[in-house]
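I have placed the structure first, in the form of structure tokens, so that the comments after it can refer back to it.
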Amino acid sequence: MATFGTLSDRLTQALANLRGKGRLSAADVDSTVREIRRALLEADVNLEVVKQFTGTVRERAMEASLSQALNPAQQVVQIVNEELVAILGGQQRRLEFAKRPPTIIMLAGLQGAGKTTLAGKLAKWLAKDGHTPLLVACDLQRPNAVTQLQVVGEQAGAQVYAPEPGNGVGNPVRVAKDSIKFAQDKQFDVVIVDTAGRLGVDADMMKQAADIRKAIDPDEVLFVIDSMIGQDAVATAKAFQDGVDFTGVVLSKLDGDARGGAALSVASVTGRPIIFSSTGEGLDDFEPFYPDRMASRILD
Ligand code: GDP
């Protein structure tokens, strides 16, 4: 995966230096941990996350060196792998469905993060599993947003609920509420609510998202984050956590060639699981997120 190309190379290199050693000295551990630290920082992983990660790896690697275990290099690789899985959230977390349909999924995030595209991806993925998703256009800020959702809906084969001209236009909270009633009446079993984003965190946008959340009480609030936004990722994620208290994260644009490390920090910093990842503009470029698979890919 391009995003983690450099990080992956650097980590693999740091660990390769241990190969062939019969035993690990404290100096070996120190120099390896230093290289891991540098690799993570250069990939934009958040400083606090790096500190915590390297602290744990160092402690565990020291223990392994003292135990004079066989093949210490492999042990350290294993430790790094386990700790990567941990910062990525540990266990896989599946999408939660309501006990009584419809399941309500609200999407939040900055403009351009990939929310509308994700709405289509989710709808297609859910429909394949026999669900009947309804897409709801609550991004009434940008003139094009409703049309864009309609295009995506058509590609995904999903119906789109949008305000009629003169009825609910400019009032996304009302549109969101009405859409739930509509979904109940027409027996859609999942409602995916697309919301407005701005280029940066903005009090009005956050209040609108919070008001929508309050009005429809979603089963999931997915925070969509562009993996390429660099160090801003953590501050943005924290702002959305305070503003809309999201239940899960979607990493989008993991196919990009940026360093991607900031996105790796989001689960750890917010304590919220990454549920999906997006790897392209096409509706099929999307998959559930598995922390262990991602860690293995990074250390591949
Ligand atoms: P929104 O403003 O959050 O609704 O973002 P959009 O869904 O409109 O996406 C913004 C742009 O990013 C569009 O050009 C999408 O085609 C593109 N995009 C969305 N997801 C991905 C992804 O996973 N990879 C890539 N390369 N582009 C994506």
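When a ligand or atom number is given, it counts from 1 through the structure's own listing order. Note that the numbering runs from 1 along the sequence shown for the chain.
- Looking only at heavy atoms of the protein, atom 21 (C) of ligand 1 is closest to G280 O, 3.4 Å.
- Heavy atoms of D285 stay at 4.0 angstrom or farther from ligand 1.
- Side chains of D189 and T132: a donor-acceptor N/O pair is present below 3.5 angstrom, by distance only.
- Looking only at distances, a side-chain donor or acceptor of S265 sits under 3.5 Å from a matching main-chain atom of N46.
- Of the options Q78, Q75, E82, a side chain to side chain donor-acceptor pair (under 3.5 Å) to R60 is made by E82 and by none of the others.
- For atom 8 (O) of ligand 1, the closest heavy atom belonging to the protein is Q148 NE2, 2.8 Å.
- Taking 4.0 Å as the cut-off, G109 does not count as a neighbour of ligand 1 on heavy-atom distance.
- Of the protein's non-hydrogen atoms, D255 OD1, 2.9 Å is the one closest to atom 24 (N) of ligand 1.
- Summarising the local packing, CG of D300 is surrounded by 12 or fewer heavy atoms from other residues, nucleotides or ligands at distances under 6.0 Å.
- Looking from atom 5 (O) of ligand 1 to the surrounding protein, the closest heavy atom is G114 N, 3.0 Å.
- Shortest contact from atom 10 (C) of ligand 1 to any protein heavy atom: G112 O, 3.6 Å.
- D129 contributes no side-chain N or O that, together with a main-chain N or O of H131, makes up a donor-acceptor pair within less than 3.5 Å.
- Residue-to-ligand polar distances keep L118 apart from ligand 1: every N/O pair is separated by 3.5 Å or more.
- Side chain of S31 to main chain of D28: a donor-acceptor pair is present (N/O by atom type, distance under 3.5 Å, no hydrogens or angles).
- Close N/O approach between K115 and ligand 1 is found [any backbone or side-chain N/O within under 3.5 Å].
- The protein heavy-atom contact nearest to atom 7 (O) of ligand 1 is T117 OG1, 2.5 Å.
- In this structure, a donor-acceptor pair under 3.5 Å is present between the side chains of K121 and S278.
- In this structure, T116 and D194 approach most closely via the heavy-atom pair OG1-OD2, 2.8 Å.
- Q241 and T270 share no donor-acceptor pair across their side chains, judged by distance under 3.5 Å alone.
- Heavy-atom separations between K121 and ligand 1 include at least one value shorter than 4.0 Å.
- In terms of protein heavy-atom proximity, atom 16 (O) of ligand 1 is nearest to E281 OE1, 2.6 Å.
- Listed by number with element, the atoms of ligand 1 under 4.0 Å from a non-hydrogen atom of Q111 are 2 (O).
- Nearest protein heavy-atom neighbour of atom 18 (N) of ligand 1: K253 CE, 3.9 Å.
- For ligand 1, the atoms sitting less than 4.0 Å from at least one non-hydrogen atom of L110 are 3 (O), numbered in the order shown with element in parentheses.
- Exactly one of K207, R213, K214 qualifies for a salt bridge (charged side-chain N to carboxylate O under 4.0 Å, His left out) with D211. That residue is K207.
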